[in-house]
A.B. asks: 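Quick one: structure below, then a few questions.
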Number of protein chains: 2
Amino acid sequence: MATDHRPTLAAVARAAGVSLKTASRVMNDEPHVAPRTRDRVRSVARDLGFRRNAAAADLARGGSAPLVGFVTADIANHFYASIADGMERALRGSGHQLITASSDEDPARERRLTEALLERRVAALVVAPTGDDHRYLAHEVRHGPPLVLVDRPAAGIDADTVVIDNDGGVRQAVDHLVAHGHRQIGLVTDHGHLWTARERRLAFVRAMAEHDLLVPDRWIRDGAHDAAAAQRLVTELLEAPAPPTALLTSNNRITAGALRALHARRAAGGDVPALVGFDDLELADLLGVTVVAYDMAEIGRQAASLALERAADPTLPPRLRTVATRLVARGSGEHRSRA
Amino acid sequence: MATDHRPTLAAVARAAGVSLKTASRVMNDEPHVAPRTRDRVRSVARDLGFRRNAAAADLARGGSAPLVGFVTADIANHFYASIADGMERALRGSGHQLITASSDEDPARERRLTEALLERRVAALVVAPTGDDHRYLAHEVRHGPPLVLVDRPAAGIDADTVVIDNDGGVRQAVDHLVAHGHRQIGLVTDHGHLWTARERRLAFVRAMAEHDLLVPDRWIRDGAHDAAAAQRLVTELLEAPAPPTALLTSNNRITAGALRALHARRAAGGDVPALVGFDDLELADLLGVTVVAYDMAEIGRQAASLALERAADPTLPPRLRTVATRLVARGSGEHRSRA
DNA sequence: CTGTTAGCGCTTTCAT
DNA sequence: ATGAAAGCGCTAACAG
């Protein structure tokens with residue numbers, strides 16, 4: 001709000017002694033204006049502190065705003081921040097600006113924010129879904145701006161989606177550990193109601209089965225929603241009888257917690273299992289943590305390209321893009337089994 | 001764009017057999033509408049997939065959009081992401097949504113983005129300045145929406161600002177190292193044309209002087225703009241004759257590079273100086289890195305409160321808010337001097 | 001080269 | 001309880 005006395009284009013036109021349209025031409029660098037007129041209008045605009053109203057311009061033009069909305073679960077998480085970064089850069093060429101909102105993993109908030117962005121008439125919408133029911137977007141998928149889901153698909157609608165190759169990544173981790181002699185591998189993962197956690201868990205069991213390994217339930221711990229919980233669960237798991245010789249942690253927060261648990265254990269003279277984490281971590285090279293890594297920014301770039309392509313051709317069928325993972329061996333995953 | 005056939009309020013009104021104004025009343029939950037009329041309009045709106053056009057509504061209302069713009073240097077950097085996070089949360093209560101754009105440390109881009117946000121009629125604007133001349137905002141400071149600068153002040157204008165207590169933080173680091181017996185302390189910092197780097201460098205020399213310590217130029221290395229450069233500079237510094245016994249690294253990227261350099265040196269059997277880093281790092285606890293920490297999100301919260309306060313009272317004089325630092329000892333800064 | 005006349009989609013008065 | 005008319009700030013057709 002402030003001292004809201006912004007001059008309008010009409011005021012500029014009046015002060016410059018030209019018509020509204022002429023002033024409009026000048027401000028939009030359109031042709032057919034005499035250089036002298038142009039200069040006069042420009043200088044008047046500057047003196048008055050004129051700034052065009054982009055919203056009004058978009059309205060008159062009848063189109064959407066050159067904005068792409070991004071509803072994330074948590075912008076402070078490196079994962080989402082990198083996606084935003086990749087998306088932002090990919091969007092620059094098309095003149096779109098990114099507008100980010102954080103759902104805080106609250107489905108109700110996610111819906112509110114998504115709808116607010118839609119009402120803002122964004123040119124495209126990217127959502128990292130938290131909720132479990134996105135049917136309220138069904139209409140938009142058919143008649144709205146391009147909608148792209150990242151990190152996991154949305155339930156109840158069939159839209160463009162970008163996911164990580166969870167299955168492949170987990171298999172790389174398991175294969176790696178097995179190749180280093182491990183047959184007793186545990187998994188620490190997030191709540192089972194989260195799609196990604198569920199996917200990785202299923203992939204884990206599947207990958208183990210391919211090696212003819214059966215995983216007892218007590219080696220699979222879920223509910224590790226933050227680093228502290230993960231630390232606790234890992235500690236418990238390792239102190240229980242017959243612990244696994246290796247661990248797979250299913251995301252960056254969990255890996256961080258697990259590292260703290262192992263650190264404490266090592267300091268106490270206990271022995272420590274091999275560890276592979278899903279998601280790369282900052283400074284993981286110094287910590288010697290073996291991880292399943294992938295290009296986070298690539299998720300954002302893919303989302304941007306899906307959105308731009310659909311903007312150009314709304315009739316495209318829904319597409320699924322998968323971002324590849326790769327195993328980065330740094331030490332923690334290469335301990336041989338004690339067995 | 002897409003299949004852009006969004007129904008308007010007028011279409012809803014027509015379909016429901018009411019006037020535009022009545023439909024408007026319903027969509028805005030205004031009183032004086034018969035329950036049955038209300039239900040009918042609502043159901044028609046739903047069937048048609050109606051979404052109000054927020055931009056048009058703001059226009060008609062004559063106010064600004066409930067958006068707060070944030071121009072950051074790099075959203076993928078944990079520092080800025082945390083600021084954005086703190087700001088977003090602080091803004092929730094007031095119904096504002098954050099809209100972020102990344103300048104990529106390019107002053108021209110920063111200016112373009114800032115102006116685009118202004119044209120979008122944001123309710124407030126927060127900028128992490130990169131450029132060296134912000135006089136183009138002079139008019140806005142007087143007549144525009146609240147403008148807040150974070151991380152460093154802007155040159156040429158006098159506006160609300162949030163900074164870290166650089167001087168205090170550097171002094172804490174120096175005092176800490178001196179208390180642990182160090183008298184030969186080096187500084188690795190970013191380019192001198194960056195305000196923050198300059199501030200911390202000056203603070204460093206000042207703090208050392210207070211201990212009657214003079215720092216030879218060769219112990220102050222600047223130009224460490226990324227982790228790789230920092231690693232190189234630290235390696236050089238330590239390999240040169242008569243290296244310092246302790247190091248202060250002036251931001252998180254530099255600390256990361258320095259840690260890699262020390263890691264390599266230790267692996268090669270060399271001895272390693274004490275280290276204190278400015279800015280906290282993720283997993284720094286596991287790496288045993290002593291740092292000067294502060295609440296990054298607090299910068300965002302302060303920025304939000306400055307903006308909100310000024311929105312309420314534009315006549316406020318420009319204010320400067322300083323975020324406190326604290327030293328977190330974790331090992332790397334507590335090596336005794338070899339001397 | 002310049003201006004006039006309509007709107008964009010919505011919210012206001014102010015009537016009824 | 002409901003509606004008609006005017007207008008937010010701008011652009012798009014058309015004239016001249």
Side-chain angles (χ1 to χ4, degrees), chain A residues 1 4-42 44-45 48-66 116 118-123 144-145, chain B residues 1 4-42 44-45 48-66 116 118-123 144-145:
Chain A
M1 304 287 161
D4 226 350
H5 280 320
R6 289 217 152 278
T8 66
L9 227 209
V12 172
R14 211 176 310 120
V18 298
S19 78
L20 182 58
K21 180 60 202 175
T22 297
S24 168
R25 284 199 182 92
V26 174
M27 299 320 292
N28 291 309
D29 287 317
E30 281 170 29
H32 308 307
V33 180
R36 299 192 41 182
T37 313
R38 183 167 298 252
D39 292 346
R40 185 153 36 91
V41 172
R42 284 227 176 96
V44 168
L48 262 42
F50 170 76
R51 297 242 186 246
R52 84 210 285 230
N53 184 326
D58 291 340
L59 217 210
R61 217 176 269 118
S64 57
L118 251 11
E119 295 186 355
R120 193 60 51 200
R121 291 294 185 273
V122 291
Chain B
M1 307 287 161
D4 224 351
H5 280 320
R6 290 217 151 279
T8 66
L9 226 208
V12 173
R14 211 176 308 121
V18 297
S19 79
L20 183 59
K21 178 60 204 175
T22 298
S24 168
R25 283 198 182 91
V26 174
M27 300 319 292
N28 291 309
D29 288 316
E30 281 171 30
H32 307 306
V33 180
R36 300 192 41 184
T37 313
R38 181 166 302 248
D39 291 346
R40 185 153 37 89
V41 173
R42 284 227 176 94
V44 169
L48 262 43
F50 170 76
R51 297 242 187 246
R52 82 207 287 233
N53 184 328
D58 291 341
L59 217 211
R61 216 175 271 116
S64 56
L118 252 10
E119 294 185 356
R120 195 58 53 199
R121 290 297 183 273
V122 292

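In this text, all values refer to a predicted model and were calculated from it rather than measured experimentally.
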A.B. asks: Rounding to an integer number of Å, can you tell me how far Arg6(B) CZ sits from dC8(C) P?
C.D. replies: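 It is 17 Å, rounded to the nearest whole Å.
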A.B. asks: Under 4.5 Å between any side-chain heavy atoms of Val44(A) and Arg14(A), yes or no?
C.D. replies: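 With C-beta onward as the side chain, the pair stays apart.
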A.B. asks: Do any of residues 15-24 of chain A sit with a heavy atom less than 4.0 Å from DNA chain C, and if so which?
C.D. replies: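 By residue number: Val18(A), Ser19(A), Lys21(A), Thr22(A).
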A.B. asks: Under 4.0 Å between a side-chain nitrogen and a carboxylate oxygen: does that hold for Asp58(A) and Arg120(A)?
C.D. replies: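 The answer is no: the pair does not qualify as a salt bridge.
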A.B. asks: Counting any heavy atom closer than 4.0 Å, what does Asp58(B) reach on the DNA or RNA strands: base, sugar-phosphate only, or nothing?
C.D. replies: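 Contact class for Asp58(B): none.
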A.B. asks: Run the salt bridge (charged side-chain N to carboxylate O under 4.0 Å, His left out) test against Arg121(A) and tell me which residues pass, sequence neighbours left out.
C.D. replies: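 Not a single residue meets the salt bridge (charged side-chain N to carboxylate O under 4.0 Å, His left out) criterion with Arg121(A).
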A.B. asks: Do Arg40(B) and Val18(B) come within less than 4.5 Å of each other through their side chains, counting heavy atoms only?
C.D. replies: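 Yes; the side chains approach each other to less than 4.5 Å.
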A.B. asks: So which one's nearest nucleotide on DNA chain C is more toward 5', Ala60(A) or Arg40(A)?
C.D. replies: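 Counting from the 5' end, the first nearest nucleotide belongs to Arg40(A).
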A.B. asks: Atom CG of Asp29(B) to atom P of dT11(C): distance rounded to whole Å?
C.D. replies: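 Between P of dT11(C) and CG of Asp29(B): 12 Å.
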A.B. asks: Within this structure, what is the CG-to-P distance between Leu59(A) and dT11(C), rounded to whole angstrom?
C.D. replies: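 To the nearest whole Å, that distance equals 12 Å.
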A.B. asks: Please report, rounded to the nearest Å, how far the C1' atom of dG3(C) is from the CG atom of Leu9(A).
C.D. replies: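 Atom-to-atom, Leu9(A) to dG3(C), this comes out as 14 Å.
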A.B. asks: Nearest-nucleotide wise, let me know which of Asn28(A) and Pro35(B) is further upstream toward the 5' end of DNA chain D.
C.D. replies: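 In this pair, the answer is Pro35(B).
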A.B. asks: Going 5' to 3' on DNA chain D, which nucleotide is the first and which the last to come under 4.0 Å of a heavy atom in chain B?
C.D. replies: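 It runs dA1(D) to dG9(D).
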A.B. asks: Run the numbers on Asp39(A) and Arg36(A) for salt bridge (charged side-chain N to carboxylate O under 4.0 Å, His left out), then give the verdict.
C.D. replies: CA-CA 5 Å; Asp39(A) 292 346; Arg36(A) 299 192 41 182; over 6 Å; no
A.B. asks: CZ of Arg52(B) versus C1' of dC10(C): gap in Å, rounded?
C.D. replies: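 These atoms are roughly 9 Å apart.
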A.B. asks: Which whole-number value in Å describes the distance from Asn53(A) CG to dG9(C) P?
C.D. replies: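 One finds 16 Å between P of dG9(C) and CG of Asn53(A), rounded.
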A.B. asks: Do Arg38(A) and Asp29(A) come close enough that some side-chain heavy atom pair is under 4.5 Å?
C.D. replies: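 Side-chain contact under 4.5 Å: yes.
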A.B. asks: Please report the interatomic distance CZ(Arg25(A)) to CG(Leu20(A)), rounded to the nearest 0.5 Å.
C.D. replies: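 Separation between the atoms: 10.5 Å.
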A.B. asks: Can you tell me how far apart CZ (Arg52(B)) and OG1 (Thr8(B)) are? Round to the nearest 0.5 Å.
C.D. replies: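 One gets 14.0 Å once the value is rounded to the nearest 0.5 Å.
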A.B. asks: Per the atom types in the model, does the base of dG3(C) pair as donor or acceptor with the side chain of Arg25(A) at under 3.5 Å?
C.D. replies: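 Side chain to base: pair present.
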A.B. asks: Would you give the length of the straight line joining atom NZ of Lys21(B) to atom NE2 of His32(B), rounded to the nearest 0.5 angstrom?
C.D. replies: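 Interatomic distance, Lys21(B) NZ to His32(B) NE2, rounded to 0.5 Å: 10.5 Å.
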A.B. asks: Heavy-atom nearest nucleotide on DNA chain D for Glu30(A) versus Ala56(B): which residue maps closer to 5'?
C.D. replies: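 Mapping each residue to its closest nucleotide by heavy atoms, the 5'-most match is Ala56(B).
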